[in-house]
Visitor: 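To start, I am sharing the structure in question, which I have written as structure tokens.
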2 protein chains.
Amino acid sequence: MEQSKDETIIERCDCVEVHSDVVDRIRQEMPEEETLYDLAELYKVFGDSTRVRILWALDAADLCVCDIAALLNMTQSAISHQLRVLKQARLVRYRRVGKNVYYSLDDDHVRSIFEQGLSHIREDHRGERG
Amino acid sequence: MEQSKDETIIERCDCVEVHSDVVDRIRQEMPEEETLYDLAELYKVFGDSTRVRILWALDAADLCVCDIAALLNMTQSAISHQLRVLKQARLVRYRRVGKNVYYSLDDDHVRSIFEQGLSHIREDHRGERG
DNA sequence: TGAACATATGAGCATTTGTTCATGTATGGT
DNA sequence: ACCATACATGAACAAATGCTCATATGTTCA
């Protein structure tokens, strides 16, 4: 999906005139390539409705895989796969309790990220900015 | 990528015991399916490093397509395609100035969403929560 | 130890996604 | 009108993604 993260810099822009002063300034101000890559990887995790629903549910209560599957009306396997993704992104943690494995949120930012997103979605977007 | 958004509810969970009290409560508390779907769609837009870099650049200055392509060392076409995605998500706006088209951020939440994301990434994650 | 339940995981597959390439559209200069 | 420049867009293709199915692992209980 992504391009190679770091490659030799070749001018591929097929334009002639570029505001090189601004571009150069921004190039310096931009965070490291890797940081922005990691950032995108994080949002990619949020970019699936199944995972969003799981996160939302776990924000309400700790749940075992079985509960989540029932709640979302999906197979246990599908949920388990997604939980692995969330685990790898360090957004959830788990603990075993007998035969069950309970998952819970492992990040304080999830809620605020959701809030910002909702805020954007709910904007009527009449055209103004500030 | 997604499943069908709304379908007849069939119990697909292959477990036997479910904490149905908790599940039922959460099911009621959860936002509408569509809201969470839209939320995921928004994050999906953030879930690509090219788009993240574009947004970050536009947060620093308004830029024409040509500038962005030069800055990110990508083709004008690739940038243009991505700008369309950002436009559809109402994250950027544009204005024509002669032959150029200048893009700018069209959302106040972009920066705070980035900040939350960065905050998560930068966590040392030693195991504690709050 | 073996059966039953809960969860994890690998392979396979259909769908989605991001880029490239070719071409279309819009604006300005001559 | 014509050309050059800037940008947009459709088709095509490789890579990534999310689910299903089958199966493996782990735990409890008899």
Side-chain angles (χ1 to χ4, degrees), chain A residues 1-5 7 10 12-19 23 37 40-41 43-54 62-70 72-89 92-103, chain B residues 1-5 7 10 12-19 23 37 40-41 43-54 62-70 72-89 92-103:
Chain A
M1 171 187 281
E2 306 281 344
Q3 278 208 132
S4 66
K5 253 194 329 187
E7 57 185 338
I10 306 161
R12 290 205 277 166
C13 165
D14 21 40
C15 313
V16 173
E17 281 200 343
V18 176
H19 305 84
V23 169
Y37 180 84
E41 287 300 305
Y43 293 130
K44 203 173 289 182
V45 176
F46 282 87
D48 175 77
S49 67
T50 298
R51 289 191 293 265
V52 165
R53 290 189 296 161
I54 292 175
D62 294 6
L63 297 168
C64 66
V65 181
C66 181
D67 290 342
I68 303 174
L72 303 187
N73 190 38
M74 291 179 64
T75 65
Q76 170 269 319
S77 177
I79 299 300
S80 199
H81 277 297
Q82 295 296 17
L83 284 170
R84 187 160 57 90
V85 175
L86 294 171
K87 209 188 310 172
Q88 284 169 346
V92 303
R93 52 171 53 176
Y94 65 96
R95 64 180 192 281
R96 252 213 127 90
V97 178
K99 281 183 292 189
N100 295 309
V101 175
Y102 286 87
Y103 282 81
Chain B
M1 167 186 283
E2 306 284 345
Q3 280 208 132
S4 66
K5 251 190 339 181
E7 55 186 339
I10 307 160
R12 290 204 278 166
C13 168
D14 21 40
C15 314
V16 173
E17 281 201 344
V18 175
H19 304 85
V23 169
Y37 181 84
E41 287 299 305
Y43 294 129
K44 204 172 288 181
V45 176
F46 282 88
D48 174 78
S49 66
T50 298
R51 290 191 292 266
V52 165
R53 290 189 296 162
I54 291 175
D62 294 7
L63 296 168
C64 65
V65 181
C66 182
D67 290 343
I68 302 174
L72 303 188
N73 190 37
M74 293 179 65
T75 65
Q76 171 269 316
S77 178
I79 299 299
S80 198
H81 277 297
Q82 296 295 19
L83 284 169
R84 188 159 57 89
V85 175
L86 293 171
K87 208 188 310 172
Q88 283 169 346
V92 302
R93 52 171 52 177
Y94 65 96
R95 62 179 194 280
R96 243 208 137 91
V97 178
K99 280 183 293 189
N100 295 309
V101 175
Y102 285 86
Y103 281 81

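In what follows, every heavy atom counts, from backbone to side chain, and hydrogens, waters and symmetry copies are set aside. Proteins get letters first, then strands, A, B, ... in listed order; numbering begins at 1 in each.
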Visitor: Does a sphere of radius 6.0 Å around OH in B:Tyr102 hold more than 12 heavy atoms from other residues, nucleotides or ligands, not counting ones at 6.0 Å or beyond?
Guide: yes
Visitor: Does a side-chain heavy-atom distance below 4.5 Å link A:Ser80 with A:Arg84?
Guide: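 A side-chain contact is absent here, since even the closest heavy-atom pair is not under 4.5 Å.
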Visitor: Would you mind classifying the nucleic acid contact of A:Tyr94 as base, sugar-phosphate or nothing, using non-hydrogen atoms under 4.0 angstrom?
Guide: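 Result for A:Tyr94 = nothing.
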Visitor: One character per nucleotide, please: for nucleotides 22-30 of chain C, 5' to 3', B when the base has a protein heavy atom closer than 4.0 Å, S when only the sugar-phosphate does, - otherwise.
Guide: B----BS--
Visitor: Please state how far atom CG in B:Leu72 lies from atom P in C:dG18, giving the value in whole angstrom units.
Guide: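 Rounded to whole Å, this separation is 15 Å.
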Visitor: Less than 4.0 angstrom between a side-chain N/O of A:Gln82 and OP1 or OP2 of D:dT17, yes or no?
Guide: no
Visitor: Could you say whether the aromatic ring of B:His81 and the base of D:dT9 stack, counting only centre distances under 5.5 Å and plane angles under 30°?
Guide: yes
Visitor: Output the distance between atom CZ (A:Arg53) and atom OG1 (A:Thr50), rounded to the nearest 0.5 Å.
Guide: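 It comes to 5.0 Å.
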Visitor: Any side-chain N or O of B:Arg84 below 4.0 angstrom from OP1/OP2 of D:dC7?
Guide: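 Negative; the distance criterion is not met.
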Visitor: If I take atom CG in residue A:Leu83 and atom C1' in nucleotide C:dA6, what distance separates them, rounded to the nearest angstrom?
Guide: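 Roughly 13 Å, once rounded to whole Å.
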Visitor: How would you list, by chain and number, every residue that makes a salt bridge (Lys or Arg N to Asp or Glu O under 4.0 Å) with B:Arg95, sequence neighbours excluded?
Guide: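 Partners of B:Arg95 by the salt bridge (Lys or Arg N to Asp or Glu O under 4.0 Å) criterion, ordered by chain and then number, come out as B:Asp62.
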Visitor: Would you say B:Asn100 places a side-chain N or O within less than 4.0 Å of OP1 or OP2 belonging to D:dT5?
Guide: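 Checking D:dT5 against B:Asn100, no side-chain N or O comes under 4.0 Å of OP1 or OP2.
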Visitor: Tell me the interatomic distance from B:Glu41, atom CD, to C:dT15, atom P, rounded to whole angstroms.
Guide: 17 Å
Visitor: Please report the distance, rounded to the nearest Å, between CD1 in A:Ile79 and P in C:dT7.
Guide: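 That distance rounds to 11 Å.
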Visitor: Can you list the residues that meet the side-chain contact (heavy atoms from CB on, under 4.5 Å) rule with A:Val45, with sequence neighbours excluded?
Guide: A:Arg51, A:Val85, A:Leu86, A:Ala89, A:Leu91
Visitor: If only side-chain N and O atoms of A:Ser80 are considered, is one of them under 4.0 Å from the OP1 or OP2 phosphate oxygen of C:dT7?
Guide: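 No, no such contact exists.
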Visitor: To the nearest Å, give me how far apart CD1 (A:Ile68) and C1' (D:dC19) are.
Guide: 17 Å
Visitor: Take atom CG of B:Asp67 and atom C1' of D:dC7, then tell me their distance rounded to the nearest Å.
Guide: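 About 13 Å, once rounded to whole Å.
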Visitor: For A:Met74 and D:dT20, what is the distance between atoms CE and C1' respectively, to the nearest whole Å?
Guide: 11 Å
